[in-house]
Amino acid sequence: QSLRGQIGVVTQDTSLLHRSIRENLLYGRPEASEEEMFAAVRSARADAFIDQLVDGEGRSGYDAQVGERGVKLSGGQRQRLALAVALIGRPDLVFLDEPSAGLDPHARLEVWQLVRDLRAEGSAVILTTHLIEEADALADQVHVLVDGRVVASGSPTFLVATHAGSDSQRVTFARELTVDELSDLRAALSVQLSVDGAVVTLRGAATPALTLALATWSATHDVLVRSL
């Protein structure tokens with residue numbers, strides 16, 4: 001029981017109970033205090049949307065009903081609520097199974113920032129993903145599995161250098177890009193991105209068209225490219 005209290009888990013299927021926000025948050029840990037619940041909600045950045053929730057019966061905030069499997073919430077809201085559930089009690093170790101699966105690009109970047117914040121606050125994170133850019137953006141160490149066997153291991157930088165070949169370019173901007181800017185950049189270049197501070201890795205062949213699209217985006221958004 002003591003060990004279980006130090007572990008948080010978020011599964012890929014973030015289905016919720018057809019109950020209130022509060023009941024979903026406390027279902028696994030009914031002994032948790034209000035202070036612990038609110039702290040977890042803030043860490044998961046779920047407080048803003050919870051405060052604005054109103055269901056069809058006029059119940060609001062933590063008393064609002066989420067519907068069957070959380071159908072009344074968006075994908076990003078369900079994921080943030082599931083993360084809040086996992087964070088109640090401030091676990092030392094958090095398992096995340098495909099944390100951004102099925103989310104739109106904007107919501108995905110928000111979840112990535114939540115993971116970074118979680119690590120910065122002292123929790124160890126183990127996550128599974130099929131997205132190369134997600135592993136590159138979030139992980140210190142990556143293990144690639146095929147049919148249940150580890151076929152490659154190393155830091156994201158090592159694996160990119162070893163396996164990405166010429167179809168990968170690193171762009172260093174003058175500053176870190178915002179969530180909205182990264183979403184716009186991905187749409188403008190039509191390539192996968194991974195982010196490490198002000199450095200953005202583009203998963204695509206270095207073509208004149210890609211370089212032109214990057215220059216156009218940079219000029220439009222007034223963001224200086226320091227190196228390519």
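- At a threshold of 4.5 Å between non-hydrogen side-chain atoms, the residues Val195 and Leu177 do not count as touching.
- His18 meets the ring pair (Phe, Tyr, Trp, His ring centres under 6.0 Å) test with no other residue; sequence neighbours excluded.
- One distance of note links CG of Leu138 with CG of Leu127; it measures 6.0 Å at 0.5 Å rounding.
- The backbone N or O of Gln6 lies less than 3.5 Å from no partner atom in the side chain of Asp92, so there is not a single donor-acceptor pair.
- For residues 54-96, the pairs satisfying ring-ring contact (aromatic ring centres under 6.0 Å, His included) are Phe38-Tyr62, with sequence neighbours left out.
- Counting heavy atoms from C-beta on, the side chains of Val41 and Ile88 never come closer than 4.5 Å.
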For this session: Take Trp217 and Val223 through the test side chain to side chain contact (heavy atoms under 4.5 Å, CB included) and record every step on the way to the result.
Result: CA-CA 8 Å; Trp217 182 92; Val223 179; 4.1 Å; yes

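- Expressed to the nearest 0.5 Å, how far OG of Ser20 lies from CD1 of Ile50 amounts to 10.5 Å.
- At least one side-chain heavy atom of Leu83 sits under 4.5 Å from a side-chain heavy atom of Leu96.
- Residues Gln65 and Asp55 come closest through the heavy atom pair N-OD2, 3.0 Å.
- The shortest non-hydrogen separation linking Val225 to Ser218 is CG2-OG, 3.8 Å.
- Remark: Asp63 CG to Glu57 CD distance equals 13.0 Å, nearest 0.5 Å.
- Taking all atoms of both residues into account, the shortest heavy-atom contact from Ala84 to Ala40 is O-CB, 3.3 Å.
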For this session: With side chain to side chain contact (heavy atoms under 4.5 Å, CB included) as the test, would you mind laying out the steps for Leu185 and Phe173 before giving the verdict?
Result: CA-CA 12 Å; Leu185 180 61; Phe173 291 96; 4.1 Å; yes

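- Closest approach of Pro91 and Ser123 over heavy atoms only: O-OG, 2.9 Å.
- Environment of CD in Glu35: sparse, with no more than 12 heavy atoms of neighbouring residues, nucleotides or ligands closer than 6.0 Å.
- Heavy atoms only, all atoms of each residue included: Val66 and Leu73 are closest at CG1-CD1, 4.0 Å.
- Atom OG in Ser60 sits 9.0 Å away from atom CG in Leu53 (nearest 0.5 Å).
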Do any side-chain atoms of residues 141-152 form donor-acceptor pairs under 3.5 angstrom with protein atoms, and if so which ones, sequence neighbours left out?
residue	atom	partner	partner atom	Å
His143	ND1	Ser153	OG	2.8

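- Residues Ser43 and Glu121 share a closest heavy-atom pair of OG-OE1, 3.8 Å.
- With Glu181 as reference, Arg175 is the one residue of Arg175, His221, Arg186 to meet the side-chain hydrogen bond (donor to acceptor under 3.5 Å, both in side chains) rule.
- Contact check for Arg45 versus Val111: no side-chain heavy atoms found under the 4.5 Å cut-off.
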Exercise. Is there a side chain to side chain contact (heavy atoms under 4.5 Å, CB included) between Met37 and Arg22 once you walk through the steps?
Worked result: CA-CA 9 Å; Met37 181 183 72; Arg22 185 186 305 274; 3.5 Å; yes

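- Tyr27 and Leu81 end up in different hydrophobic clusters when Ile, Leu, Val, Met, Phe, Trp and Tyr side chains are linked at under 4.5 Å.
- Annotation: the span from Ile7 atom CD1 to Leu93 atom CG amounts to 5.5 Å, rounded to 0.5 Å.
- Rounding to the nearest 0.5 angstrom, the gap separating the CG atom in Leu189 from the OG1 atom in Thr211 is 9.5 Å.
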Problem set entry | Derivation and outcome, side chain to side chain contact (heavy atoms under 4.5 Å, CB included), residues Leu212 and Leu214 | CA-CA 5 Å; Leu212 177 59; Leu214 175 63; over 6 Å; no

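- No donor-acceptor pair under 3.5 Å is formed between the side chain of Gln52 and the backbone N or O of Phe49.
- In this structure, Thr128 contributes its side chain and Glu98 its backbone to a donor-acceptor pair below 3.5 Å.
- For Arg170 and Thr201, the side-chain atoms include at least one donor-acceptor pair closer than 3.5 Å.
- Leu118 has its side chain within reach of Val125: a pair of non-hydrogen atoms, C-beta onward, lies under 4.5 Å apart.
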